[in-house]
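Worksheet for the structure shown next.
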Amino acid sequence: MEIDRPIIRAVGTASLLPNRLSPSRLAVHIVLLLIVLLWTLPTAGLFISSLRDKQQLSVSGWWTAFAPATSTEVFRLPEAAGASFIAGRYVIEGTVLSSPDTGKRVARYGLSVDKAGAVVVGEPASVPVGGTIIVGADGSFRWVSDTPFAYTRPPRIFFESTTEPRFTLDNYVEVLMSEGIGRAFINTATVAIPATVIPILIAAFAAYALSWMQFPLRRFLAAAIVALLVVPLQMSLVPLLSLYNGLAHVFGAENGKTYLGVWMAHTAFGLPFAIYLLRNSFLGIPRDLFDAARADGASHFEVFTLIVLPLTIPAIASLAIFQFLWVWNDLLVAMVFLGTSEDRIVLTGKLAQLLGSRGTNWEILTAGAFVSIMVPLVVFFALQRYFVRGILTGSSR
Amino acid sequence: MRPWIFLIPALLFLSLFLVYPVFDTFVLSLFDKSGSFVGLRNYEWAIADPAFQQATLNNVLWLVLVPALATALGMLIALLADQVWWGNIAKSLVFMPMAISFVGASVIWKFVYDFRPPGSAQVGLLNAAVTALGLPPQAWLTLPMWNSILLMVILIWIQTGFAVVVLAAALRGVPQDTLEAARIDGANPVQVVFRIILPQMGGTVAVVWTTITIITLKVFDTIFAMTNGQWNTEVLANLMFKWMFVNLDYGRASTIAIVIMLAVLPVLVWQVRHAYRQELAK
């Protein structure tokens with residue numbers, strides 16, 4: 001049995017437009033589709049990019065990721081002194097590709113700008129300064145002459161290359177192993193799990209008292225909770241930082257930055273919303289049920305654990321999701337109370353650091369960002385129903 | 001006695017971490033870096049400080065634009081999604097950024113705004129679109145005004161989903177017969193939206209608007225991660241962070257916190273009055 005404030009079920013505004021196949025209805029489909037594309041493309045771009053080859057990522061947009069990329073490049077042949085004498089002929093060998101292992105293939109080539117694509121790979125071309133050259137699809141070339149090479153300025157090869165798209169998990173391996181994202185992931189989880197559980201426990205007891213127990217100041221406290229909902233976090237930072245540093249001094253620690261400290265801070269900052277949301281849900285339990293249990297001699301603790309909690313599991317679930325996402329995604333509280341040292345920095349802090357120091361290394365940033373948003377996205381898509389419920393309860397003032 | 005046993009852990013946390021700091025921050029704002037009492041001199045400093053003025057101006061711009069655009073877009077999407085069979089999928093996708101951290105969103109959008117010099121291939125979506133139209137690419141985040149607006153886009157992108165969810169639920173509550181009556185009287189869909197639906201949703205729109213306003217006022221992560229206040233993008237929360245951790249001046253940091261608190265105060269008073277009236281009705 002679920003107890004929750006019923007969301008009014010009505011037909012809604014679905015019949016706002018005349019009929020199914022009118023031009024205005026078509027326009028609605030198109031406009032909404034465009035909006036949805038605009039909303040999802042940035043995230044899709046990040047995800048696709050994080051799986052692309054590092055080299056390709058830096059030279060072409062992610063929207064070209066699935067088609068082979070073509071480009072025209074120039075290569076200057078080696079000096080004449082590099083020739084070897086093989087079977088009575090002079091030979092220069094090598095490759096025109098600077099990094100041959102990126103899946104790049106040569107399609108056509110030529111020996112001057114205006115003849116860049118004149119020769120198909122595998123076919124020979126005669127070089128103006130003497131001899132014949134053959135460039136292969138893999139970029140290797142073999143330049144052969146019957147007379148010694150005597151040029152002073154090596155000729156250039158102009159070639160068209162195509163690169164097959166390459167997708168790889170290398171970027172993820174790199175960020176997890178050598179960029180500190182793996183460690184930061186563990187730190188974030190260390191912060192997030194206790195910082196989700198503790199405030200829910202404390203809030204549940206408080207919300208119960210504020211819903212079903214009679215005592216002076218009850219209304220005042222309930223209104224105070226609402227006030228605390230909007231008090232900016234910024235108000236707490238300086239006093240708490242001084243307090244933590246003072247405590248660290250007393251206990252002889254080097255600074256006030258501990259996991260315990262950040263759990264406590266998250267607990268306190270999460271409490272107003274947690275109490276507010278749970279109280280709204282507890283008040284939805286029929287009074288009769290409650291009175292009957294009390295009349296049968298159940299203590300408040302029994303009513304709380306045996307009746308109230310089981311009946312409000314959905315509300316607790318949505319609160320858990322909220323608090324977990326908020327704590328997982330937080331940057332400010334973690335930076336202030338946990339610091340940014342390598343062994344304690346959280347994912348968001350690490351990402352912000354990388355944005356500053358590796359601002360153009362998109363293979364690291366995209367993969368790192370995806371590691372950090374993966375957990376919230378899974379939670380979101382799996383438990384969206386509860387998330388929406390929490391938002392609606394939280395905003396039904 | 002029993003109620004207090006249930007309440008004490010919560011009250012301890014709330015008073016130590018939220019109530020006491022409100023007073024302490026105010027007291028700290030009256031002291032300077034070395035710990036001597038300076039009265040209101042930190043406030044005088046703030047009013048005259050160009051960085052503070054810039055941050056305040058930017059915060060006002062954010063407060064005007066972000067809640068308005070996020071709420072309006074949310075309303076539009078909620079209305080459109082109600083008309084099509086795939087509306088729930090659309091709402092879910094617009095809602096998704098709510099789950100993403102501000103820093104994650106900053107990476108996503110910094111990639112969209114990425115700049116390469118003219119001539120090289122643009123890997124950022126925005127500059128790719130701009131160059132496709134034949135215009136020169138821009139280093140957007142360094143262009144004053146443009147950069148603030150593009151940073152606001154990130155917050156709008158995140159918050160619109162919230163507006164959609166709340167407004168869509170309220171839309172379901174608009175009585176069907178009022179729509180029917182308007183239609184019979186010959187109102188077109190636009191008239192129905194503006195004359196019938198919106199007037200009945202005033203309360204919900206206000207809640208969405210104020211919630212996003214409060215979030216906007218505290219915006220920190222995106223600025224910190226994207227520009228750190230450079231190129232005229234400073235906001236109060238980031239400025240406060242700098243005074244706290246870069247300049248280590250707790251007095252001025254507290255002064256800025258008090259200014260943020262003062263901006264929240266009207267919403268706080270409004271909410272508490274509303275909540276107290278509801279308590280009395282229960």
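So you know, we letter chains A, B, ... as the sequences are listed, proteins then strands, and number each from 1. The model shown is predicted, which means the values in this text are computed figures rather than measured ones.
- For the options B/Leu16, B/Asp24, B/Ile89, B/Ile108, heavy-atom pairs under 4.5 Å to chain A are most numerous at B/Ile108.
- Your options are B/Asn188, B/Val103, B/Leu265, and the one with the most heavy-atom pairs under 4.5 Å with chain A is B/Val103.
- In this structure, chain B has no heavy atom under 4.5 Å from any part of A/Trp328.
- Both the backbone and the side chain of B/Ala81 come within less than 4.5 Å of a heavy atom in chain A.
- Residue contact with chain A, scored on non-hydrogen atoms closer than 4.5 Å, is absent for B/Ser120.
- Among the candidates B/Thr160, B/Val19, B/Val27, the residue making the largest number of heavy-atom pairs closer than 4.5 Å to chain A is B/Thr160.
- With a 4.5 Å cut-off on non-hydrogen atoms, A/Ile321 does not touch chain B at all.
- For A/Tyr208 and A/His300, the gap between ring centers is short of 6.0 Å.
- Proximity to chain B is limited to the side chain of A/Leu240, based on heavy atoms less than 4.5 angstrom apart.
- Options A/Phe205, A/Phe387, A/Trp362 differ in how many heavy-atom pairs under 4.5 Å they form with chain B, and the most are formed by A/Trp362.
- Counting heavy-atom pairs closer than 4.5 Å to chain B, the top-ranked of the candidates A/Leu233, A/Leu38, A/Val336, A/Leu354 is A/Val336.
- For a residue to count as touching a neighbouring chain, one of its non-hydrogen atoms must lie under 4.5 Å from one of that chain's; by this rule B/Leu73 touches chain A with the side chain only.
- Ring centers of A/Phe322 and A/Trp326: at least 6.0 Å apart, outside the cut-off.
- The contact between B/Ala275 and chain A is made entirely by side chain atoms (from C-beta outward), counting heavy-atom distances below 4.5 Å.
- For chain A, the nearby parts of B/Phe95 are the backbone and the side chain; heavy atoms of each come within less than 4.5 Å.
- For A/Leu217, the part lying near chain B is the side chain, with the backbone staying farther off; criterion is any non-hydrogen pair under 4.5 Å.
- Chosen from A/Ala369, A/Ala209, A/Pro42, the residue pairing most often with chain B at heavy-atom distances under 4.5 Å is A/Pro42.
- Here the NZ-CD1 distance, from B/Lys91 to B/Ile77, works out to 11.0 Å after rounding to the nearest 0.5 Å.
- With a 4.5 Å cut-off on non-hydrogen atoms, A/Leu347 does not touch chain B at all.
- Only the side chain of A/Ile373 comes within less than 4.5 Å of a heavy atom in chain B; its backbone stays farther off.
- Side-chain contact, B/Asn228 with B/Asn238: a donor N or O sits under 3.5 Å from an acceptor N or O.
- Contact of A/Thr43 with chain B is made through backbone and side chain together, with heavy-atom distances under 4.5 Å.
- Residue B/Ile256 does not touch chain A at all, counting heavy-atom pairs closer than 4.5 Å.
- Of the listed residues (A/Ile225, A/Leu228, A/Val375), the greatest number of heavy-atom pairs within a distance under 4.5 Å of chain B belongs to A/Leu228.
- Between chain A and the options B/Leu14, B/Leu76, B/Val272, heavy-atom pairs under 4.5 Å are most frequent for B/Leu14.
- Under a 3.5 Å cut-off, the side chain of A/Asn361 and the backbone N or O of A/Ile364 do not form any donor-acceptor pair.
- Between A/Phe269 and A/Phe337, the ring-plane angle classifies as tilted under the 30° and 60° cut-offs.
- Considering only heavy-atom pairs separated by less than 4.5 Å from chain B, the leading option among A/Val388, A/Leu331, A/Val379 is A/Leu331.
- Only the side chain of A/Ile35 comes within contact range of chain B, with at least one heavy atom under 4.5 Å from a heavy atom of that chain.
- If you measure heavy-atom distances from B/Arg116 to chain A, the contacts under 4.5 Å come from the side chain alone.
- Contacts between B/Phe26 and chain A at a heavy-atom distance below 4.5 Å are absent for every atom of the residue.
- Chosen from A/Pro232, A/Gly368, A/Pro376, A/Ala223, the residue pairing most often with chain B at heavy-atom distances under 4.5 Å is A/Pro232.
- If you measure heavy-atom distances from A/Phe381 to chain B, the contacts under 4.5 Å come from the side chain alone.
- For chain B, the nearby parts of A/Ala265 are the backbone and the side chain; heavy atoms of each come within less than 4.5 Å.
- Using modelled atom types and a 3.5 Å distance limit, the side chains of A/Gln353 and A/Thr340 yield no donor-acceptor pair.
- Looking at B/Pro97, only its side chain comes within 4.5 Å of chain A, counting heavy atoms on both sides.
- For the set B/Ala182, B/Ala10, B/Ala121, the entry with the most heavy-atom pairs within less than 4.5 Å of chain A is B/Ala10.
- More than 12 heavy atoms of other residues, nucleotides or ligands shown are found within 6.0 angstrom of CZ on A/Phe215.
- Residue A/Thr64 does not touch chain B at all, counting heavy-atom pairs closer than 4.5 Å.
- Counting heavy atoms from C-beta on, the side chains of B/Thr222 and B/Val219 come closer than 4.5 Å.
- A/His29 and B/Trp86 share a donor-acceptor pair across their side chains, judged by distance under 3.5 Å alone.
- Heavy atoms of B/Phe220 lying under 4.5 Å from chain A belong exclusively to its side chain.
- Residues B/Leu236 and B/Phe241 form no side-chain contact, since every pair of their non-hydrogen atoms from C-beta on lies 4.5 Å or further apart.
- Ranking B/Val264, B/Val112, B/Ile214 against chain A, the residue ahead of the rest is B/Val264, based on heavy-atom pairs under 4.5 Å.
- If you measure heavy-atom distances from B/Leu28 to chain A, the contacts under 4.5 Å come from the side chain alone.
- A/Arg52 and A/Thr366 are not linked by any side-chain donor-acceptor pair at a separation below 3.5 angstrom, with hydrogens and angles left out of the test.
- With a threshold of 4.5 angstrom between heavy atoms, A/Leu243 approaches chain B through side-chain atoms but not through N, CA, C or O.
- Between B/Phe224 and B/Phe102, the ring centre distance reaches or exceeds 6.0 Å.
- For B/Met240, the part lying under 4.5 angstrom from a heavy atom of chain A is the side chain only.
- The distance from atom OG of B/Ser101 to atom CG of B/Asp221, rounded to the nearest 0.5 Å, is 8.0 Å.
- With a 4.5 angstrom heavy-atom cutoff, B/Met96 touches chain A via backbone and side-chain atoms both.
- Only the side chain of A/Leu221 comes within contact range of chain B, with at least one heavy atom under 4.5 Å from a heavy atom of that chain.
- B/Phe245 CZ: more than 12 foreign heavy atoms inside a 6.0 Å radius.
- Taking the six-membered ring where the residue is Trp, B/Trp270 and B/His274 present parallel rings, their angle staying beneath 30° rather than reaching 60°.
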Q.
Under the criterion side chain to side chain contact (heavy atoms under 4.5 Å, CB included), I'd like the reasoning laid out for A/Thr360 against A/Leu365: C-alpha separation, chi angles, the key distance, then a yes or no.
A. CA-CA 8 Å; A/Thr360 51; A/Leu365 288 169; over 6 Å; no
Q: Walk me through it: do B/Leu171 and B/Leu167 pass the test side chain to side chain contact (heavy atoms under 4.5 Å, CB included)?
A: CA-CA 6 Å; B/Leu171 213 50; B/Leu167 293 170; over 6 Å; no
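- Results of the side-chain contact (heavy atoms from CB on, under 4.5 Å) test with B/Ile100 over A/Asn329, A/Leu325, A/Leu46, A/Leu377 single out A/Leu377 as the only residue that passes.
- Interface residue A/Val59: only backbone heavy atoms are found under 4.5 Å from chain B.
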